[in-house]
Amino acid sequence: MGKNYDFGKIEQHWREYWQKNKTFKADNTSGKPKYYVLDMFPYPSGAGLHVGHPLGYIASDIVARYKRLKGFNVLHPMGYDSYGLPAEQYAIQTGQHPANTTERNINRYREQLDKIGFSFDWDREIRTNSPEYYKWTQWVFIRLFNSYYCYKAGQARPVSELIEIFEQQGNERLHIAQSKQLNFTAQEWNGYNERQKQEVLMNYRLAYLAETAVNWCAPLGTVLANDEVVNGLSVRGGHLVERKMMKQWSLRITAYAERLLQGLETLDWSESMKEIQRNWIGKSIGATVNFEFAAADKAATEAVVPPLEIFTTRPDTVFGVTFMVLSPEHPLAMEISTEEQLVQVGKYIARTKNRTERERQADVNKISGVFTGAYVIHPFTKKQIPVYISDYVLMGYGSGAIMAVPAHDSRDYRFAKYFNLPIIEVVSGGNIEQEAFEAKDGILVNSDFLNGLEVKDAIKKAVEKIEESKIGIPKTNYRLRDAIFSRQRYWGEPFPVYYKDGIPYMLDESELPLELPEIDRYLPTEKGEPPLARAVNWRTAEGYPLETSTMPGFAGSSAYYLRYMDPHNNETLVGEQANEYWREVDLYFGGSEHATGHLIYSRFWNKFLYDIGKIVSDEPFRKMLNQGMIQGRSNFVYRLNRKMYSEYLREERNEEPVEGIPQGLNIPVFISKNIPDREKFTDPVHVDIHIVDNDILDIGKFRDWRNDLSNVHFVLEDDKYVCGWEVEKMSKSMYNVQNPDEIVEKYGADTLRMYEMFLGPIEQSKPWDTKGIEGVFRFLKKYWRLIVGSSDSDREESVLPFDENSPTPSELKIIHNLIRKIEDDINRFSFNTAVSSFMIAVNDLADLNCRKRSIIEPLTILLAPFAPHIAEEVWLMLGHNETITYAEFPKYEEKYTVESTFEYPVSFNGKTRFTLSLPLELDSASIQKAVLEDMRSSKWLENRTPKKIIIVPKRIINIVV
RNA sequence: GCCUCGAUGGUGGAACUGGUAGACACGCAGGACUUAAAAUCCUGUUCCCGAUGAGGGAGUGCGGGUUCAAUUCCCGCUCGAGGUACCA
């Protein structure tokens with residue numbers, strides 16, 4: 001190897017070596033302790049990787065390589081989440097099969113990933129669109145279909161067991177997850193025909209087909225899950241989404257709400273991440289209360305109307321109820337309305353129905369509603385209470401009806417003011433003339449048996465009383481909704497479902513995988529059926545039609561971390577032994593944007609698979625780190641837009657014009673950033689960051705950049721054109737996209753890796769900025785020079801032999817300090833400070849011109865996780881035949897960090913007075929003695945005795961007199 | 001609105017359990033080497049006062065507090081990022 005740091009040659013060599021020797025292949029049987037470190041697998045998009053993608057991969061790779069050096073058997077796999085909308089949209093436009101574009105994109109991703117030198121075990125690669133993989137996605141679905149959730153057992157149970165129960169005792173006194181309350185006896189059940197039985201069972205299955213209100217996205221031609229919709233628009237593409245009733249497959253994730261919430265406590269995730277999931281699950285504890293309808297003319301003459309059930313978290317405010325509100329979709333809405341009000345009510349309901357989610361959300365502050373003419377009876381005061389309908393009450397939460405307490409709920413307050421309804425204060429402490437008092441503290445007033453109680457106690461008492469009077473029960477509600485699992489798309493997993501007489505049945509597990517069929521076009525049929533309906537002969541061998549929807553994006557990613565444990569097992573999702581060994585992901589890297597999607601679905605699937613005894617850990621991801629996003633750093637040039645610069649100077653600033661400015665605006669003029677008053681007469685224009693270096697524009701390249709710019713004029717400062725900059729999203733249209741390949745080409749993968757880590761804390765979002773990259777590059781070059789032992793006069797191509805002498809104490813101190821620091825930093829994922837520590841250590845060693853083998857060896861091992869290629873190369877030069885990957889991480893020995901003396905500033909009544917050099921080994925008593933002596937002799941103390949002497953190790957001594 | 005996190009030089013950031021704020025790097029300024037460029041090395045670089053010295057003062061978004069000692073802990077604000085929202 002030559003004297004220069006030829007990163008291109010070094011990196012290519014080791015890339016090939018690792019691949020050929022399968023250096024990072026993980027073993028499923030090993031006596032070593034295991035460590036499973038995982039990155040969220042990417043969706044292979046057509047744009048390829050930009051520098052933001054590898055951020056998390058580099059961090060996880062450092063940990064993976066570090067753990068190997070520490071003697072762990074490390075599982076560090078990678079794969080592709082290869083089903084998804086963009087490939088299908090592209091297919092619709094171009095007619096190209098999504099499988100082809102996906103394959104192409106994956107190859108490009110792989111090429112880019114390889115260049116950075118990750119230690120992935122590629123033998124375990126998985127793709128969610130390969131039949132060998134989605135076979136198991138379909139398998140999980142079948143198992144979900146064949147399971148129900150028993151709250152008593154606190155786990156999923158097989159539906160076959162449920163059928164037995166029904167046959168013997170009907171569904172009485174069962175505490176199980178369900179879509180709606182059904183009541184039947186064993187006799188009734190046994191009398192049902194097949195269709196009726198299947199319909200009943202659908203009410204309990206964990207994967208079920210039901211008519212549900214869905215997010216329908218017409219432009220995409222499909223339904224979307226709640227987490228795929230933001231502000232009434234689709235996350236992908238930003239299309240309008242409407243609510244619609246449709247028959248769809250759903251997953252009963254709500255059954256797991258409480259366990260998903262409780263499980264968070266056991267996880268080592270960031271507080272904000274847990275909080276996002278807690279909010280999404282949205283637990284609220286309260287009670288349901290039934291309000292009987294007053295016997296108005298209508299109700300008295302016709303069939304008995306059931307009582308109005310409401311849910312409240314504030315049963316303590318029950319005496320403040322002055323009206324009731326139903327959601328417009330409430331089944332009783334029309335039924336209870338009086339003759340006079342019926343027309344009004346009908347109109348109101350029709351109007352709200354026609355509004356999209358987005359419109360509805362936009363007018364959140366507009367009050368609307370209508371009186372039904374009906375009254376309910378207050379269960380305690382027996383007074384009549386009017387019933388209204390308003391769209392501020394949602395059918396999807398609680399029972400779709402509320403008791404309104406305007407004094408203590410701001411929405412009820414607004415409604416009451418608008419319709420001029422009474423407001424009764426029942427909790428003291430606020431000013432209800434002005435606004436609702438929503439705080440949960442204060443003393444109850446105007447509330448009969450609750451008077452004088454604190455809110456907390458009043459809630460308890462009220463619930464007791466409600467239960468006692470048999471008008472309601474304590475109830476916990478969750479905001480979490482069941483996950484809608486059908487998509488009317490082509491590029492996804494087919495459901496292993498067929499229909500017989502319109503009733504859905506599962507394929508036999510032996511028939512899996514049900515492969516995605518070929519179709520001629522990727523659009524819905526003329527009849528509006530999903531694309532799969534175009535497939536020729538899309539039916540079972542017996543001729544039954546197959547399901548035409550496909551599964552959503554989160555299906556394939558919900559259990560992929562399990563498949564990595566045992567990716568080639570044809571018998572089962574994951575073999576028992578493999579699962580016993582790897583158990584769960586120890587460290588998971590990914591973006592926080594998946595908190596309400598993938599991360600919650602995965603936890604749900606994992607808990608289900610745990611329940612059915614398939615896996616041994618009930619949480620999938622023990623520790624989670626969220627890498628920040630890397631934003632773009634855009635550059636701007638400033639184009640003259642209003643007045644000529646010279647005119648401006650003459651007229652307004654009374655200065656002579658700058659030389660060479662053309663008279664007229666017929667050619668574009670660009671003004672450097674710091675020319676006075678520039679912003680007054682220029683517009684910023686994005687300029688490609690590749691023709692800007694440290695904010696200085698390369699004028700020649702700029703002229704070549706676009707045809708219309710060849711003839712332009714510049715106003716410079718110090719002979720330079722200085723560009724402005726701003727942090728924006730990394731995007732093609734802002735000319736600020738940086739590909740990792742370009743950096744690898746110019747500086748090498750090791751520099752890219754260390755620089756991305758050096759940029760700042762891993763969890764923080766930050767703009768990509770190449771300014772500092774030279775510093776890291778210089779560091780690696782310096783390290784290389786230290787290894788090869790260069791000096792200016794030395795022009796030979798050979799490398800100097802290493803110094804075999806024993807190290808000096810100061811050399812040992814450098815290396816042992818570094819060992820301790822790097823180990824600490826990796827353990828707390830502080831990679832940026834680790835990089836800094838390397839720089840300091842190598843600088844110090846270079847100053848000492850230390851090329852001792854005994855120092856270089858541990859230094860190189862420490863560096864290996866960060867800059868693996870150069871470390872391998874050096875390892876080879878040190879005479880090792882084995883790859884550095886499985887070397888032993890050096891041990892830290894404390895004694896080498898100890899200096900013989902240390903300087904203490906001594907502060908005297910808070911003021912720093914003098915500095916004292918003391919041996920560090922002294923205990924605090926000896927230090928006190930030494931300080932006292934010193935102070936007496938220098939007459940600081942005069943004749944006083946110090947009250948206390950505070951000694952802070954290695955820092956400072958304080959003396960208070 | 002509610003929840004979570006954050007704010008430190010010209011810039012990215014460091015300071016781990018309160019203990020010499022600004023490590024490390026970029027940038028900038030000056031210098032060495034070179035015919036020159038590249039590369040490399042050295043010195044300085046929070047701000048203010050002071051003579052370019054010695055020295056002194058201020059300083060971690062703002063205002064208070066606890067402490068011998070606060071970027072760090074507590075209270076009250078301002079601004080920013082993310083999450084979430086008629087969820088009763």
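Hydrogens, waters and symmetry mates are skipped; everything else that's a heavy atom, side chains included, is used. Per chain, numbering begins at 1; letters A, B, ... match sequence-line order.
- Looking only at side-chain heavy atoms (C-beta outward), A/Y397 and A/F311 come within less than 4.5 Å of each other.
- Spacing of C1' atoms, B/G6 relative to B/U71, comes out at 13 Å, to the nearest Å.
- Looking at heavy-atom distances under 4.0 Å, A/Q764 makes contact with sugar-phosphate atoms alone, never a base.
- Ring to ring, A/F777 and A/Y755 are not that close: their centroids are 6.0 angstrom or more apart.
- Using a cut-off of 4.0 Å between Lys/Arg side-chain N and Asp/Glu carboxylate O, A/K821 and A/D825 are scored as salt-bridged.
- The A/R828 side chain lies nearest to B/C16 when the options are B/A25, B/C87, B/C16.
- Here the side chain of A/T833 is nearest to one of B/C24, B/A15, B/A88, namely B/A15.
- Proximity note for A/I276 (side chain, C-beta onward) versus B/A15, B/U40, B/G83: the nearest is B/G83.
- A donor-acceptor pair under 3.5 Å is absent between the side-chain atoms of A/H816 and the main chain of A/Y892, judged by distance alone.
- When the P atom is used for both B/A21 and B/G56, the distance is 14 Å, rounded to whole Å.
- Closest approach to the A/W280 side chain among B/U40, B/A85, B/C86 is made by B/A85 (side chain taken as heavy atoms from C-beta onward).
- Out of B/C41, B/A88, B/U84, the shortest distance to the side chain of A/K782 is found at B/C41.
- Considering only side-chain atoms of A/F311, the nucleotide from B/A88, B/C24, B/A14 that sits closest is B/A88.
- Every ring pair (Phe, Tyr, Trp, His ring centres under 6.0 Å) that A/F636 has, sequence neighbours left out, goes to A/H686.
- Residue A/S410 places no side-chain N or O under 4.0 Å from the OP1 or OP2 atom of B/G1.
- Residues in residues 399-409 of chain A take part in these salt bridge (charged side-chain N to carboxylate O under 4.0 Å, His left out) pairs, two or more places apart or across chains: A/D409-A/R411.
- Listed nucleotides: B/A23, B/A25, B/C42. Nearest to the side chain of A/I840: B/A23.
- Distance A/D825 CG to B/G13 P: 17 Å, rounded to the nearest Å.
- Taking atom P on both B/C16 and B/C87, the two are 42 Å apart, rounded to the nearest angstrom.
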Extract from the structure each pairing of a protein N or O with an N or O of nucleotides 2-11 of chain B at less than 3.5 Å, listing the distance.
residue, atom, partner, partner atom, Å
B/C3, O2', A/E275, OE2, 3.2

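- In this structure B/A23 sits in no base pair that meets the Watson-Crick or G-U test at under 3.5 Å.
- Atom pair A/Q631:CD and B/G12:P shows a separation of 12 Å (rounding to whole Å applied).
- Across all strands shown, B/A81 is found opposite B/U4 as a Watson-Crick or G-U wobble partner, with both distances under 3.5 Å.
- Among the protein residues, A/N827 comes within range of no part of the nucleic acid, since none of its heavy atoms lies under 4.0 Å from any strand.
- With P as the reference atom, B/A88 and B/A15 are 41 Å apart, rounded to whole Å.
- B/A14 makes up no base pair with any nucleotide shown, lacking Watson-Crick or G-U wobble contacts both under 3.5 Å.
- Projected onto RNA chain B by closest heavy-atom contact, A/A401 and A/L759 fall at different nucleotides, the more 5' of which corresponds to A/L759.
- As rounded to whole Å, 13 Å separates atom P of B/A88 from atom CE of A/M403.
- With a 4.5 Å cut-off on side-chain heavy atoms, A/L55 and A/L759 do not count as touching.
- Both A/P767 and A/I773 lie near RNA chain B, and the one whose nearest nucleotide falls closer to the 5' end is A/P767.
- Nucleotide B/A54 is matched to nothing when pairs are restricted to Watson-Crick or G-U wobble geometry with both distances under 3.5 angstrom.
- Comparing B/C87, B/A15, B/C16 by their nearest atom to the side chain of A/D824 picks out B/C16.
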Please list, one pair per line, the donor and acceptor atoms closer than 3.5 Å that link side chains of residues 835-844 of chain A to other protein atoms, with sequence neighbours excluded.
residue, atom, partner, partner atom, Å
A/S836, OG, A/N832, O, 3.4
A/S837, OG, A/T833, O, 2.9
A/N843, OD1, A/K782, NZ, 2.1
A/N843, ND2, A/M839, O, 3.3

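- The salt bridge (charged side-chain N to carboxylate O under 4.0 Å, His left out) pairs that include a residue from residues 308-317 of chain A are A/R314-A/D316, where partners are two or more places apart or lie in different chains.
- Among residues two or more places apart in sequence or in another chain, the ring pair (Phe, Tyr, Trp, His ring centres under 6.0 Å) test is passed with A/Y601 by A/F554.
- One finds no side-chain N or O of A/N477 lying less than 4.0 angstrom from the OP1 or OP2 phosphate oxygen of B/C87.
- Listed nucleotides: B/G13, B/C16, B/C26. Nearest to the side chain of A/R778: B/C26.
- The CD-C1' distance, from A/E593 to B/A81, rounds to 15 Å in whole Å.
- Spacing between B/G12 and B/A81 at atom P, rounded to whole Å, works out to 16 Å.
- Using a 4.0 Å heavy-atom distance criterion, A/K274 is classed as making no nucleic acid contact.
- When each of B/A88, B/A85, B/C16 is scored by its nearest atom to the side-chain atoms of A/T313, the top-ranked nucleotide is B/A88.
- Checking B/A29 for Watson-Crick or G-U wobble geometry (two distances, each under 3.5 Å) identifies B/U43 as its partner.
- Comparing the same atom, P, in B/U67 and in B/C74 gives a spacing of 16 Å after rounding to whole Å.
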